[in-house]
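Below is one structure, written out as structure tokens; comments come after it.
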Amino acid sequence: MTRTRTAALVGNPNAGKSALFNALTGARQKIANYPGVTVERKAGRISLPSGESIELLDLPGSYSFDATSPDEEVTRKVVMGDLDGQDQPDVLIIVLDAANIEQHLVFAQEVIELGIPTIAALNMVDLAERDGLTLDADALAGALGVPVIPTVAVRRKGLAQLTEAIADAEKQREEHPNPEPKPHLTLPERRLAAGNIAKAAILSETAERRFHHGLDGVLLHPWLGPPILFVLLFVIFQAVFAWATPFADGLEAGVSAISAWVSSTFPQNFFRDLITEGLLAGVGSVVVFLPQIIILFAFILVMEATGYMARAAFVMDRLMASVGLSGRSFIPLLSSFACAIPGIMATRSIADPKDRLTTILIAPLMTCSARLPVYLIIIAAVIPERQIAPLIGLQGLVMFLLYLAGIVGAVLVALVLRRTVTAGRASGFIMELPRYQLPRLSDLAIGLWQRAWVFLRRAGTIIFAATVVLWLLLTFPKADIGESQLDASYAGQISAVVQPVFDPIGFNQEMTLALVPAMAAREVAVSSLATTYAVDSDDESEAEEALKEQIAARWSLPTALAFLAWFVFAPQCISTIAVARRETNGWKWPMFMVGYLFALAYVFAGLTYWVAVWAGL
Ligand SMILES: Nc1nc2c(ncn2[C@@H]2O[C@H](COP(=O)(O)OP(=O)(O)OP(=O)(O)O)[C@@H](O)[C@H]2O)c(=O)[nH]1
Ligand SMILES: [Mg+2]
């Protein structure tokens, strides 16, 4: 009985191996446009022109035979003939993505070195041509020493030629049953050769593609890329202050005008106070930050739409690897800058359970947009509006540093976690980069509208509810003559109990009070302070002063800085804790997360306070 002959599809992830497998065998393997779809070997049959049939294997994508991840290990074992119950393939088909030919040629050379009869399927030639790149298959074949067949797997183009080539290679294997390995190149040598082969195989390339390639050369450069990303982020925070201020001031003036009108038009009673002190002072103090939110998201959306964001992930990949995370964590962590909830949900795309858990645990350290109002109000109140260098404002700089503190905190925490509770090896990651594009204005407008709506809806629901409850607790019971309303109220009594915990780190009573309802959402810290000061003020003119002025008058600089440091770390968000519970199937990890974040918040707020006091600020 003759042994069944086998051919195997190998190549980098996302090259279109499974798409070719399906086209050749009529199977229905899952294919999708991201790397790492196939994680096991799958077998099917194809019939050759001679009428015989041959077994075809679809294998997980891999970058090298020095495999690190379990799926790449499968590929290596099958190709080397090391897997029990699976003979070494007689023929290998290396699938190349024509649009990313240089990158794909690195592994291709390693495959060809094995000496097993190999065919290269130059797949996705349609995409390369769309991008303005035409490749010379014959030149490639000459350089690689194997037949090269252009294919478009999803349109079933080139399949007949590919099957013929498989039949020829199979015959070749029958004639020479023992593969003769070719000289082994090192990885840098293979990379260099890949670049040269790719260059020689390019028949024509449009100016646009060359420009985009050049742009990538700069933006993805190992040394230029990170500083460019850094400068870009810096500019964004400067812009949030510089551009939003006139709009924010306008909104603030509008809210005060309405408040003054309500005060002068209606007689003083429960409802008028609820509206002026709770709704207008409280919720209004958060809503005025809409311009800053919009400007921040405008930048983020433009970076996404142009294709830069994916490149930022690429640039960050090395840094992430050095702390034991993969670039796969970048998108979840990036989403966490809007809100940790979608960020934590996005970790579902991380296959390694320990990578995923680490990412979930550090996601709340990314500065979510709910922290923006807290940072903005306190910075506006206590940090002078000063240029410390041309184009560099002090307020924007402090804001940038706060975001940076969150990131640095996350990096350090990840380092510690990866060596202790989530110890394990980092998995490799290379992502396909999208095309550069000019952002479409309509997409941008829709994206901004969605962000603005999320923000306003929070203001109208959770922030409003928390503020009203706090207002009720602040308003009752009524103080006796000469007693402060704040001290007499239920809220004051509650905060007096908690206060001793926060005294050592410099928090005053209003701050402590604000922390409790701010567990519902961080912005509530702002509305709580505003409502507290509105209730607590002795006369109307004082009550109408903007929250910024109240804070400036009442807080010392060390106290204000300590509060900022607290919010960099504190897990002040019940929804995040709930999502972490759902995604980790239990209370253990969310409790761990809450515990370590509160501990960090307390220590850093305290350190900030005492260092600032010591420095005489
Ligand atoms: N336009 C075009 N798209 C293709 C072609 N071949 C595959 N694709 C698409 O490319 C994506 C990746 O294809 P897959 O077959 O899943 O890639 P794979 O090599 O099996 O990837 P892994 O299983 O992750 O290793 C899918 O979205 C396919 O529809 C092609 O020739 N042209
Ligand atoms: Mg696949």
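In this text the structure is predicted, and so the values were computed from the model without any measurement. We count ligands from 1, going down the list as the structure has it; atoms in each ligand are counted the same way.
- Between R418 and D355 there is a salt bridge, since a side-chain N of the basic residue sits under 4.0 Å from a carboxylate O of the acidic one.
- Using a 4.0 Å cut-off between a side-chain N of Lys or Arg and a carboxylate O of Asp or Glu, E73 and R76 qualify as a salt bridge.
- Interface of L127 with ligand 1, defined as ligand atoms under 4.0 Å from a residue heavy atom, comprises 1 (N).
- The shortest N or O to N or O distance between A19 and ligand 1 is under 3.5 Å.
- The shortest N or O to N or O distance between D58 and ligand 1 is not below 3.5 Å.
- A salt bridge links R311 with D216; the closest basic N to acidic carboxylate O contact falls under 4.0 Å.
- Contacts of N14 with ligand 1, taken as heavy-atom pairs under 4.0 Å, involve both backbone and side chain.
- The existence of a salt bridge linking K199 and E102 is excluded, since no basic side-chain nitrogen approaches an acidic carboxylate oxygen closer than 4.0 Å.
- Heavy-atom proximity to A153, at under 4.0 Å, picks out these atoms of ligand 1: 6 (N), 30 (C), 31 (O).
- Under the 4.0 Å criterion applied to side-chain N and carboxylate O atoms, R5 and D90 are assigned as salt-bridge partners.
- Inclusion of D126 in the set of residues having an N or O under 3.5 Å from an N or O of ligand 1 is warranted.
- Residue V152 places no N or O, backbone or side chain, under 3.5 Å from any N or O of ligand 1.
- Residue A15 places a heavy atom less than 4.0 Å from ligand 1.
- No option in T163, I166, T4 other than I166 meets the side chain to side chain contact (heavy atoms under 4.5 Å, CB included) test with I54.
- Using the six-membered ring where Trp is involved, F337 and Y403 have ring planes that are parallel, under 30° apart on the 30 and 60° scheme.
- The contact set between ligand 1 and G61, taken as ligand atoms under 4.0 Å from a residue heavy atom, comprises 25 (O).
- For the pair G16 and ligand 1, the shortest N or O to N or O distance falls below 3.5 Å.
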